[in-house]
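One structure below.
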Amino acid sequence: MKYSEVIFTCNSAEEWQQDLLIAELAEIGFDTFEDTESGFAGYIPSANLDLQQLETVLLHAPEGLEVHYIINDLEEQNWNKLWESNFNPIVVDDQCYVRATFHEHKEQYPYEIIIDPKMSFGTGHHQTTSMMLSFILENDFEGKEVLDMGCGTGILAILASFRGATHVFAVDYDPICIDSVEENKILNQVSNIESQVGSYEVLEGRLFDTIVANINRNILLEQFEQYAASLKDKGELYISGFYDGEDLAILSDKAKQLGFSFVMKKVLDGWCSAKFTKA
């Protein structure tokens with residue numbers, strides 16, 4: 001597959017501003033990012049590069065962030081193989097070891113998740129995924145019916161299964177993610193994860209004890225009413241994909257309107273994850 005490299009130069013960028021821009025670029029098809037001395041480089045299949053979409057994203061960049069870019073067309077090569085060579089295992093809370101198929105097994109951790117890494121999502125390396133894994137490790141999932149909304153590779157669903165969930169419904173709008181979930185179910189020898197392509201419309205008629213949703217602020221706001229309808233009374237909701245401060249305040253206000261109570265938050269490098277319970 002032929003890829004394009006877009007080198008972004010960010011003048012006087014705060015880290016959170018650059019992270020927010022990267023999240024928006026991922027929404028329009030960029031699937032890999034690398035830091036540079038003056039900003040970052042983004043990679044996208046050349047056929048998916050839409051300059052009008054790119055200009056629209058940059059037009060709405062965070063206030064105070066000045067961005068310039070240049071585009072380089074790259075020679076074809078095995079991008080997944082190249083990306084895999086830079087994929088390192090991680091450990092969460094000294095309990096959960098997340099590794100790829102080409103890393104060695106380590107017995108000292110109670111939970112080991114094997115992920116066949118794709119280029120863009122759900123490896124556990126992003127702060128939001130790491131915090132959500134931490135929430136699952138800290139809380140009771142035994143016998144629970146769980147929803148993993150925006151499941152990516154299914155890493156949260158897999159740990160929920162390991163932690164005793166009876167059944168996990170993993171949902172993502174991207175068919176590539178669902179294919180990845182099915183592959184990773186086999187790698188981790190779990191059989192109680194059901195995956196489906198879609199969004200909140202596939203939740204109708206289903207009820208869950210626990211919902212985990214690592215997406216982004218705007219989608220969480222759009223889907224909050226469905227979470228309220230799909231979560232049992234006294235159920236737990238874990239959300240991430242947003243920043244501490246204003247984002248959390250907006251989401252907490254929405255949650256309160258729908259009968260949720262804020263329990264606690266985790267913050268890592270400005271990113272935030274939060275736990276709520278339904279009255």
Side-chain angles (χ1 to χ4, degrees), residues 1-74 76 79 83 118-123 125-129 149-153 171-178 180 197-201 213-226 239-251 253-254 269-272:
M1 181 183 295
K2 188 174 182 180
Y3 265 75
S4 293
E5 175 189 59
V6 184
I7 299 176
F8 296 91
T9 301
C10 304
N11 296 336
S12 304
E14 297 284 346
E15 184 176 353
W16 69 267
Q17 292 175 314
Q18 186 168 298
D19 285 343
L20 191 58
L21 176 58
I22 286 173
E24 293 296 326
L25 291 170
E27 292 288 331
I28 64 169
F30 283 81
D31 57 24
T32 311
F33 301 93
E34 291 181 347
D35 289 332
T36 65
E37 289 186 2
S38 57
F40 63 94
Y43 298 88
I44 183 172
S46 298
N48 297 342
L49 179 57
D50 185 323
L51 291 181
Q52 185 174 351
Q53 279 189 324
L54 176 58
E55 290 287 350
T56 299
V57 168
L58 296 180
L59 184 65
H60 296 92
E63 185 176 353
L65 177 62
E66 183 181 346
V67 184
H68 302 279
Y69 69 90
I70 59 173
I71 299 173
N72 298 319
D73 291 327
L74 304 176
E76 291 192 41
W79 289 101
W83 188 85
K118 306 301 179 185
M119 290 179 66
S120 61
F121 46 77
T123 62
H125 286 71
H126 195 275
Q127 294 93 328
T128 59
T129 311
M149 195 68 183
C151 59
T153 55
V171 177
D172 203 291
Y173 74 92
D174 189 342
I176 295 176
C177 292
I178 298 306
S180 185
V197 176
S199 187
Y200 62 89
E201 74 281 350
N214 183 19
I215 311 178
N216 65 53
R217 188 193 74 172
N218 290 340
I219 294 179
L220 289 169
L221 287 170
E222 290 174 4
Q223 297 185 353
F224 233 120
E225 290 186 14
Q226 186 61 58
I239 60 173
S240 195
F242 53 91
Y243 290 97
D244 192 25
E246 182 181 359
D247 283 359
L248 178 59
I250 292 170
L251 288 161
D253 183 61
K254 182 71 171 181
D269 298 330
W271 290 96
C272 186

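Worth knowing before you read on, the calculation uses all heavy atoms, side chains too, and leaves out hydrogens, waters and symmetry mates.
- Nearest approach of C10 to V67, heavy atoms of both residues: SG-CG2, 4.3 Å.
- Atom CD1 of I70 is separated from atom CD of E5 by 7.5 Å, given to the nearest 0.5 angstrom.
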In residues 216-224, what donor-acceptor pairs under 3.5 Å come from side-chain atoms, sequence neighbours left out?
residue: N216; atom: OD1; partner: N218; partner atom: N; Å: 3.2
residue: N216; atom: OD1; partner: I219; partner atom: N; Å: 3.0
residue: N216; atom: ND2; partner: E27; partner atom: OE2; Å: 3.2
residue: R217; atom: NH1; partner: D247; partner atom: OD1; Å: 3.1
residue: Q223; atom: OE1; partner: Y227; partner atom: OH; Å: 2.6
residue: Q223; atom: NE2; partner: S199; partner atom: OG; Å: 3.1

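- Here the CG-CG distance, from D19 to D269, works out to 8.0 Å after rounding to the nearest 0.5 Å.
- In this structure, the side chain of Y243 engages the main chain of L20 through a donor-acceptor pair within 3.5 Å.
- Summarising the geometry, atom CG belonging to L58 is positioned 10.5 Å from atom NE2 belonging to H68; distances are rounded to the nearest 0.5 Å.
- Proximity of Y69 to E55: side-chain heavy atoms (C-beta onward) are separated by under 4.5 Å at one or more points.
- In this structure, I239 and N214 have side chains that are not in contact, with every pair of non-hydrogen atoms separated by 4.5 Å or more.
- A donor and an acceptor atom, one from each side chain of S46 and S4, are located under 3.5 Å apart.
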Steps toward side-chain contact (heavy atoms from CB on, under 4.5 Å) verdict (Y43, V6): CA-CA 6 Å; Y43 298 88; V6 184; over 6 Å; no
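- To the nearest 0.5 Å, the span separating OH on Y173 from CD1 on I178 amounts to 11.5 Å.
- Looking only at distances, a side-chain donor or acceptor of S240 sits under 3.5 Å from a matching main-chain atom of C272.
- Each of L248, D244, I250 was compared with E246 under the side chain to side chain contact (heavy atoms under 4.5 Å, CB included) criterion, and only I250 meets it.
- Residues L25 and L54 share a closest heavy-atom pair of CD2-CD1, 3.7 Å.
- Between D172 and G152 the shortest heavy-atom distance is OD2-N, 3.0 Å.
- Around atom CD of E201, more than 12 heavy atoms belonging to other residues, nucleotides or ligands sit under 6.0 Å away.
- Proximity of L65 to Q18: side-chain heavy atoms (C-beta onward) are nowhere separated by under 4.5 Å.
- No more than 12 heavy atoms of other residues, nucleotides or ligands sit less than 6.0 Å from atom OH of Y200.
- In terms of the ring pair (Phe, Tyr, Trp, His ring centres under 6.0 Å) criterion, residue partners of F40 (sequence neighbours excluded) are, by chain and number, F8.
- More than 12 heavy atoms of other residues, nucleotides or ligands sit less than 6.0 Å from atom CD of Q53.
- With values rounded to the nearest 0.5 angstrom, E225 atom CD is found 4.5 Å from K254 atom NZ.
- The heavy-atom pair separating I71 from L51 by the smallest distance is CD1-CD2, 3.4 Å.
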